[in-house]
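Worksheet for the structure shown next.
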Amino acid sequence: MNIVIIGSGNIATHLAQALYSANNTILQVYSRTLANAQALANVVNSAAINDLTQINREADLYIIAVSDSASNTVIADLPNSLLGIVVHTSGATNLDVLADFMNFGVIYPPQSINKAINTDLSVIPFGIEGDSTQTFEKLFSLIQAIAPKTFACTSQQRLALHLSAVIANNFSNALFLMAKEIMDKENLDFELLKPIILETAIKVQNHTPIDTQTGPARRGDFNIIDKHLQFLTQYPEESKIYQVLTDFIIKRYTN
């Protein structure tokens, strides 16, 4: 398939490299900063552009892989007469934002991807949506070749998936930060928590979260909870978070 990559960031880089390795042709890489477009274009034997008026109109697929804040501008600047499929890669953006194009869809990986870190896309699930059965089948076939866990996903499902990914990934990392700051203040090494963090991540790979929950809230041990809250009087923001999460756990396990 002949592809134009619009963007040069994390998702754009990994998708371009994976699709190029799967014997697709990357016709162009676009970025507002030509040097960034050129850096990726060099890797995938492509042409670099920083002006969407120069876009190749003969491509089979146009992948918009830019930030959500930049996507509206890109979509508005693209000619809607393009015959190829136009897709975005956002988890929180509806399919309908591309409705002015003849063929359109979505390719969404619910994964934190960094272009500076090697990532095996074959283990990442990609949600696919298309404006028609034909579009969906083309996108599904293309992405399944590089990511076998590819699956059909509506805009509503994708938003739920994106939200859940934020909770599971971004929020959990914020809790790691909160724990580290408390440890630092008490002259404790954050390394002490890494085994239990790893154990938690491993357990959830083979069991459901409802079955792996532990701790004082799960046991209904209010004596320990009160001690924790007393300690957290010196950490007012952390205390609020602790209380909310404790109440959430208690409600889930109260018959």
Side-chain angles (χ1 to χ4, degrees), residues 1-20 22-109 126-147 150 152-159 162:
M1 187 175 281
N2 294 321
I3 301 170
V4 171
I5 302 292
I6 302 172
S8 60
N10 298 323
I11 294 178
T13 296
H14 281 286
L15 274 177
Q17 292 175 339
L19 291 169
Y20 176 70
N23 297 317
N24 295 284
T25 299
I26 310 301
L27 296 175
Q28 292 174 318
V29 174
Y30 163 84
S31 175
R32 288 177 298 179
T33 304
L34 187 59
N36 292 342
Q38 191 64 62
L40 178 54
N42 289 342
V43 176
V44 294
N45 192 29
S46 181
I49 60 172
N50 65 346
D51 184 348
L52 287 175
T53 64
Q54 300 172 352
I55 201 163
N56 188 315
R57 295 175 179 246
E58 303 300 320
D60 302 307
L61 176 65
Y62 301 84
I63 300 178
I64 302 172
V66 299
S67 66
D68 287 353
S69 60
S71 63
N72 287 339
T73 300
V74 168
I75 291 169
D77 289 344
L78 281 173
N80 56 22
S81 58
L82 294 173
L83 296 179
I85 302 170
V86 180
V87 304
H88 69 67
T89 59
S90 171
T93 303
N94 197 283
L95 172 69
D96 293 345
V97 300
L98 300 173
D100 286 341
F101 298 100
M102 296 183 184
N103 304 284
F104 53 96
V106 180
I107 298 170
Y108 169 60
F126 277 75
I128 305 296
E129 186 174 12
D131 67 298
S132 67
T133 300
Q134 184 180 27
T135 297
F136 170 80
E137 289 176 349
K138 287 181 179 179
L139 294 175
F140 190 91
S141 177
L142 175 73
I143 301 303
Q144 190 179 44
I146 61 172
T150 295
C153 189
T154 66
S155 290
Q156 177 72 12
Q157 290 173 324
R158 191 172 64 257
L159 180 59
H162 185 264

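Counting only heavy atoms from C-beta outward, the side chains of N2 and N56 never approach each other to under 4.5 Å. Within the 4.5 Å cutoff, side-chain heavy atoms of R57 are placed close to those of S81. Side-chain contact between N24 and L142 is present, with heavy atoms from C-beta onward closer than 4.5 Å. Side-chain contact between F136 and I128 is present, with at least one heavy-atom pair separated by less than 4.5 Å.
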Problem set entry | Intermediate values then yes/no, side-chain contact (heavy atoms from CB on, under 4.5 Å), D77 and Y30 | CA-CA 12 Å; D77 289 344; Y30 163 84; over 6 Å; no
For this session: Report the C-alpha distance between T89 and Y108 in whole Å, list the side-chain angles of each, state the deciding distance to 0.1 Å, and finish with yes or no for side-chain contact (heavy atoms from CB on, under 4.5 Å).
Result: CA-CA 5 Å; T89 59; Y108 169 60; 5.9 Å; no
For this session: Check the pair Q17 / V43 against side-chain contact (heavy atoms from CB on, under 4.5 Å), numbers first and verdict last.
Result: CA-CA 7 Å; Q17 292 175 339; V43 176; 3.6 Å; yes
Problem set entry | Worked verdict on T33 versus S31 for side chain to side chain donor-acceptor pair (under 3.5 Å) | CA-CA 5 Å; T33 304; S31 175; 4.7 Å; no
Problem set entry | V86 vs I75, side-chain contact (heavy atoms from CB on, under 4.5 Å): CA-CA, chis, key distance, verdict | CA-CA 9 Å; V86 180; I75 291 169; over 6 Å; no
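A distance of 9.5 Å separates OG of S67 from CG of N72, quoted to the nearest 0.5 Å. Annotation: the span from I11 atom CD1 to I64 atom CD1 amounts to 13.0 Å, rounded to 0.5 Å. Here the CD atom belonging to Q156 is positioned 10.5 Å from the CD atom belonging to E129, to the nearest 0.5 angstrom. Note that CD1 of I85 and CG of L98 are 11.5 Å apart. Values are rounded to the nearest 0.5 Å. Taking CZ of F104 as the reference point, atom CG of D131 lies at 4.5 Å (rounded to 0.5 Å). Note: N94 CG to T154 OG1 = 9.0 Å, rounded to the nearest 0.5 Å.
Judged by distance alone, with hydrogens and angles left aside, the side-chain atoms of S46 form a donor-acceptor pair with the main-chain N or O of I26 at under 3.5 Å. Although no hydrogens or angles enter the test, the distance criterion places a donor-acceptor pair under 3.5 Å between the side chain of N103 and the main chain of L83. Judged purely by atom type and a 3.5 angstrom limit, Q28 has no side-chain atom pairing as donor or acceptor with the backbone of I49. S155 places a side-chain N or O within donor-acceptor distance of the main-chain N or O of L95, the cut-off being under 3.5 Å. Side chain of T25 to backbone of L27: no donor-acceptor contact under 3.5 angstrom is found.
S71 is linked by a side chain to side chain donor-acceptor pair (under 3.5 Å) to nothing, counting only residues two or more places apart in sequence or in another chain.
In terms of heavy-atom proximity, S8 sits nearest to L40 at CA-CD2, 4.1 Å. For the residue pair S90 and R158, the shortest heavy atom distance occurs at O-NE, 3.0 Å. The minimum heavy-atom distance linking Y62 with I6 is given by the pair CB-CD1, 4.4 Å. Heavy-atom minimum distance, G130 versus T135: CA-CG2, 4.1 Å. Scanning all heavy atoms of the two residues, the minimum distance from P109 to I107 falls at CD-O, 3.8 Å. Taking both residues in full, the closest heavy atoms of F126 and A147 are given as CD1-CB, 3.4 Å, listed atom of the first, atom of the second, then distance.
The environment of CD in E58 is sparse: at most 12 heavy-atom neighbours from other residues, nucleotides or ligands sit within 6.0 Å. Within a 6.0 Å sphere centred on CG of D51, other residues, nucleotides and ligands contribute more than 12 heavy atoms. Within a 6.0 Å radius of CD in Q157, more than 12 heavy atoms belonging to other residues, nucleotides or ligands are found.
Partner L78 forms a side chain to side chain contact (heavy atoms under 4.5 Å, CB included) with one of T73, I55, D100 and no other, that one being I55.
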